[in-house]
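Below, each value reflects all heavy atoms present in this structure, side chains not excepted, and no hydrogens, waters or symmetry copies. Sequential numbering from 1 along the given sequence is applied to the chain's residues. In each ligand, atom 1 is the first atom listed, and ligand 1 is the first ligand listed.
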Amino acid sequence: MDARKAAGVFQALEKFRIELPSWGFANTGTRFGKFLQPAAASTAEEKFSDAGQVHLLTGVCPTVALHVLWDFPRGVASADEIKKLASEHRVQPGSINPNLFQDQHYKYGSFGNPDPAIREVALQHTRDSIKIATRLESRDISMWFADGSNYPGTANIRKRKHWFEEGLKTTHASLSPGQRLLVEYKPFEPAFYHTDIADWGMALLLARTAGPQAKVLVDTGHHYSAQNIEQIVAWLLAEEMLGGFHFNDRRYADDDLTLGSIDPYQVFRIFHEIRYFKWETGKQPDIAYMIDQSHNLKGKIEAMIQTVTMAQMLFSKAAIVDYPELAKAQQACDLVRAESLLQDAFATDVRPAIQEWRDSKGLPKDPMMAFRQSGYLEQITKQRAARNSQNVSSYA
Ligand code: RM4
Ligand code: MN
Ligand code: MN
């Protein structure tokens with residue numbers, strides 16, 4: 001790789017930060033069962049400790065996304081304790097995720113529930129989550145809804161859309177000036193017939209209705225097979241409505257696999273659209289890059305390191321696309337030249353440059369190897385194994 005490209009990689013990595021999910025360190029499984037990991041985290045302290053370890057070795061994960069029900073058992077009252085734990089482990093609280101899908105009263109929905117009393121419960125929980133975010137100085141309140149229905153004819157889709165508009169507007173009104181409301185979409189699961197916010201278009205409309213601080217969150221696993229995610233990203237960028245990502249990979253459904261494990265070129269194409277937007281417009285898009293993955297087979301911390309380093313690698317590849325040449329080739333409709341410019345960048349081995357960048361920051365060149373040599377996994381396995389063999393709850 002020539003010096004100009006290496007400089008491009010250095011520059012790209014300088015500002016590239018990735019948020020870790022607290023729930024990605026806890027024991028999870030499938031609806032068929034859970035294979036418990038002796039080293040999984042089951043307290044907030046353990047989650048911060050593991051996240052702190054990933055940040056220590058990669059240097060690019062200073063914040064941890066938190067789930068209100070799982071990480072704040074006493075709601076707002078838990079906030080100070082969480083702040084203290086985070087700083088003890090040298091990370092900071094990141095996005096706050098209200099939990100509007102687990103409590104029994106949400107059986108028929110939260111913001112879209114036909115019962116106004118339950119919609120109010122959901123709104124109150126969201127307001128409390130905003131208070132938590134304010135207390136923790138977290139910027140983003142990230143909304144994912146399980147709302148939907150399982151059978152045709154059982155729900156009034158238009159009414160539910162209206163209730164969502166009302167709920168999100170009310171929520172937006174409680175935000176402090178610097179905060180953002182991120183609206184996530186997902187085509188199915190847990191609802192099997194219709195999901196109230198099923199795709200990016202619905203999320204975009206709802207975010208626009210909610211107010212100027214609302215943006216769309218793209219979870220890379222929340223699309224139908226073969227959907228062109230980078231086009232969605234390009235449109236959201238053009239509309240200045242792209243708020244953030246939940247990184248993971250998928251083969252069939254919302255599989256929550258490590259990023260790029262199935263289709264690294266897809267992730268590269270997403271990053272390419274972001275870099276191209278920046279090059280062309282001179283604007284720095286304000287995007288929160290977050291991980292949302294959970295593993296029942298891979299070790300939690302190693303899986304997280306894999307995703308972080310994969311994201312850095314694919315982001316770096318996108319950073320070395322020759323944009324002036326690409327713009328020329330596109331304008332001239334030189335298809336093969338344009339396509340080759342992308343493929344050349346994708347095929348370039350950026351790992352030596354990334355290792356040099358890490359070295360220049362005093363970070364281990366190979367975070368996975370450093371983790372394996374650190375003894376941390378052995379230590380937490382000893383500490384946590386007995387409790388984990390009895391604990392079967394998910395995420396928390
Ligand atoms: C959902 C969605 C949300 C995440 C939950 C646990 O599928 O991706 O972002 O918070 O799972
Ligand atoms: Mn998600
Ligand atoms: Mn998901």
Does a donor on one side chain sit under 3.5 Å from an acceptor on the other, for Gln124 and Asp128?
-> yes
Tell me whether His67 reaches ligand 1 (any heavy atom closer than 4.0 angstrom to a ligand atom).
yes
Within 4.0 Å of some non-hydrogen atom of Lys186, the atoms of ligand 1 are 7 (O)
Within 4.0 Å of some non-hydrogen atom of Asp219, the atoms of ligand 1 are 8 (O)
field: Audit row: Asp256, His295, side chain to side chain donor-acceptor pair (under 3.5 Å) steps and yes/no
entry: CA-CA 7 Å; Asp256 282 341; His295 313 276; over 6 Å; no
Numbered in order shown, the ligand 1 atoms found under 4.0 Å of a heavy atom of Asp254 are 7 (O)
Go through the side-chain N and O atoms of Gln179 and Thr134 and say whether any donor and acceptor fall under 3.5 Å apart.
yes
Electrostatic pair Glu166-Arg119, nearest N-O below 4.0 angstrom
no
message = Checking the N or O distance criterion of under 3.5 Å, is ligand 1 in contact with Asp292?
response = yes
Note: Ala288 and Arg180 closest approach over all heavy atoms is CB-NH2, 3.7 Å
Are the charged groups of Arg269 and Glu273 less than 4.0 angstrom apart, N to O? no
Is a donor from one side chain sitting under 3.5 angstrom from an acceptor on the other, for Asp50 and Tyr376? yes
If only side-chain N and O atoms count, and only distance matters, is there a donor-acceptor pair under 3.5 Å linking Thr258 with Lys298? yes
* **Min N/O separation Trp70 to ligand 1 under 3.5 Å** => no
For His246, the atoms of ligand 1 under 4.0 Å from one of its heavy atoms are 9 (O)
Atoms of ligand 1 under 4.0 Å from any heavy atom of His222, numbered from 1 in the order shown, are 2 (C), 7 (O), 8 (O)
Atoms listed for the Mn ion (ligand 2) (protein only, N, O or S, under 2.8 Å, no waters) are Glu184 OE2, Asp219 OD2, His246 ND1, Asp292 OD2
Do the rings of Phe245 and Tyr289 sit parallel, tilted or perpendicular, given the 30° and 60° boundaries?
parallel
| query | Do the rings of Trp70 and Phe101 sit parallel, tilted or perpendicular, given the 30° and 60° boundaries? | reply | perpendicular
